[in-house]
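Computed over heavy atoms, backbone and side chain alike; hydrogens, waters and symmetry mates excluded.
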Amino acid sequence: MASHTATHYTHLAPDYRLVVEGKDISAAVQPRLISLTLTEGRANSADQLDIELDDADGQLAIPRKEAVIALTIGWKGQQLVDKGSFVVDEAEHSGTPDRVTIRARAADLGGEIRSRKEKSWHDTTLGTVLAELAQRNSLTHKIDKALAAIKVEHLDQTNESDMHLITRLARKHDAVATVKKKHLLFMPITGTTTSQGEHLPTVAITRADGDQHRYSTSTRDAFEGVKAYWSDRVNGRRKSVVAGKKDGSLKTLKETYASEQDALAAARAERQRLERGMATFELTLAVGRPDITAQSPIKVTGWKEEIDGEDWLVKEVTHSLNEGSGWTSKVQMERGGADTEK
């Protein structure tokens with residue numbers, strides 16, 4: 001593979017492959033392509049593909065909704081990176097000049113998994129709940145062992161889709177939940193794993209690789225602990241738990257939880273989110289890195305000591321290919337920090 005160093009940049013030419021309903025349309029798209037933008041985030045709802053095509057001759061057909069587009073991207077002479085499949089959600093024709101714009105969302109997010117349902121669980125585990133949700137949506141699944149073992153005393157799904165419930169459980173436990181290629185992955189946010197549960201390699205980026213950057217750190221909204229309330233059914237009283245310093249500045253969660261365990265899990269998850277968000281780093285790569293995806297661990301060198309010293313974690317990445325230019329990548333990162341609650 002070609003090296004990602006400044007001396008090789010001028011020799012890199014963008015490459016991509018678009019397959020619609022099993023048919024490779026890359027060659028047909030190439031002379032018409034105005035822009036192609038792929039946004040990958042932790043939540044499946046953030047995965048979006050936007051394609052803008054020139055229709056000056058009026059020969060382009062507007063794609064039907066629900067058409068499936070498979071995308072791989074990269075550089076010529078290097079192995080292309082599979083970015084998964086997307087379902088056409090919106091198609092637009094505008095002019096003049098005449099253009100066709102296609103917007104597609106990550107596949108596996110439609111149909112039954114988006115239908116609202118009613119269900120309750122009692123005296124079970126998080127792993128059992130997620131396995132049932134995967135099974136009734138015909139998904140294979142991989143769930144972190146520690147998360148799977150968490151006890152669930154009571155859980156209600158009230159007029160709520162399975163995808164919304166999965167996302168809600170992920171936020172509650174500071175986990176990442178993705179559904180790609182008919183596979184559900186439920187892992188700690190700091191777990192840095194692929195959709196199949198394989199560890200993502202750490203991506204090394206030097207100052208020479210970056211085009212623009214923005215580092216931000218703030219203690220203005222810093223809290224030393226997070227408080228959450230729960231209902232004690234024995235005596236009917238509302239009690240509280242704290243993750244972090246009990247006598248420090250506290251953030252209080254609005255929701256009242258069903259048990260002390262649920263309240264503590266929510267407080268710990270929120271504290272970890274606050275810790276990660278206290279430092280952020282945005283980086284635009286003039287020569288994009290298609291291998292970077294949401295959850296990629298990043299190690300940077302050549303900036304300030306405070307920046308180089310962090311273990312960064314990708315929150316969202318946008319890969320863009322514009323008319324007459326190569327791939328660029330805009331990477332939004334936050335502190336990777338491990339669990340702060342021991």
Side-chain angles (χ1 to χ4, degrees), residues 40-47 66 68 84-87 89 105-200 228 230-231 233 241 253 255-270 272-273 293-295 339 341:
E40 298 177 288
R42 283 185 184 140
N44 280 283
S45 57
D47 287 5
E66 302 301 322
V68 177
S85 298
F86 301 82
V87 177
D89 194 40
R105 54 180 167 73
D108 300 323
L109 288 181
E112 190 64 21
I113 201 167
R114 288 291 185 186
S115 301
R116 298 189 179 192
K117 300 181 180 70
E118 304 280 336
K119 172 77 177 180
S120 291
W121 289 266
H122 305 277
D123 298 322
T124 184
T125 64
L126 183 59
T128 300
V129 172
L130 291 169
E132 182 178 328
L133 293 172
Q135 184 178 12
R136 73 184 187 188
N137 288 283
S138 301
L139 304 173
T140 57
H141 62 278
K142 184 175 181 65
I143 303 163
D144 175 76
K145 289 183 179 179
L147 290 171
I150 292 174
K151 292 182 179 179
V152 175
E153 292 184 13
H154 180 79
L155 174 65
D156 287 324
Q157 180 182 20
T158 306
N159 195 28
E160 181 181 24
S161 71
D162 287 350
M163 193 65 235
H164 188 277
L165 176 58
I166 291 169
T167 302
R168 176 161 65 91
L169 290 171
R171 180 166 181 80
K172 178 179 178 180
H173 297 285
D174 198 35
V176 58
T178 60
V179 180
K180 293 181 179 179
K181 296 184 177 180
K182 298 295 182 183
H183 183 79
L184 167 64
L185 176 73
F186 198 94
M187 292 282 168
I189 276 183
T190 53
T192 62
T193 52
T194 68
S195 62
Q196 296 300 319
E198 300 168 352
H199 285 286
L200 288 164
W230 62 284
S231 294
R233 296 181 184 177
V241 292
L253 301 182
E255 183 178 347
T256 298
Y257 296 88
S259 69
E260 182 178 12
Q261 183 181 17
D262 282 354
L264 186 57
R268 284 175 171 169
E270 182 61 23
Q272 289 169 204
R273 276 190 289 272
T293 186
Q295 292 300 107
D339 190 342
E341 184 68 25

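Listed by chain and residue number, H173 satisfy the side-chain contact (heavy atoms from CB on, under 4.5 Å) test with A265 (two or more places apart in sequence, or in another chain). Every residue two or more places apart in sequence or in another chain that forms a ring pair (Phe, Tyr, Trp, His ring centres under 6.0 Å) with H154 is listed here: H122.
Distance CD/Q261 to CH2/W230: 11.0 Å, rounded to 0.5 Å. Atom NZ of K119 and atom CG of L155 lie 10.0 Å apart (nearest 0.5 Å). Rounding to the nearest 0.5 angstrom, the gap separating the NZ atom in K172 from the CG atom in L253 is 11.5 Å. Here L130 contributes atom CG and T125 contributes atom OG1; the two are 8.5 Å apart, rounded to the nearest 0.5 Å. We find the NE2-CD distance between H141 and E132 to be 11.0 Å, quoted to the nearest 0.5 Å. Rounded to the nearest 0.5 Å, atoms CG (L184) and CE (M163) are 7.5 Å apart.
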Listed pairs under 3.5 Å, donor-acceptor, residues 143-151 side chains, sequence neighbours left out:
unit_1 : atom_1 : unit_2 : atom_2 : d
D144   : OD2    : A146   : N      : 3.2
D144   : OD2    : L147   : N      : 3.1

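R105 and E40 are not joined by a salt bridge, as no carboxylate oxygen comes within less than 4.0 angstrom of a charged side-chain nitrogen. Between K117 and D162 there is a salt bridge, since at least one side-chain N of the basic residue sits less than 4.0 Å from a carboxylate O of the acidic one.
Looking only at distances, no side-chain donor or acceptor of D89 sits under 3.5 Å from a matching main-chain atom of E66. Under a 3.5 Å cut-off, the side chain of Q157 and the backbone N or O of E118 do not form any donor-acceptor pair.
With a 4.5 Å cut-off on side-chain heavy atoms, F186 and L126 count as touching.
Of all heavy-atom pairs spanning A177 and A170, the tightest one is CB-CB, 3.8 Å. Closest non-hydrogen pair, G41 versus D47, comes out as N-OD1, 3.0 Å.
Within a 6.0 Å radius of CD in E160, other residues, nucleotides and ligands contribute more than 12 heavy atoms.
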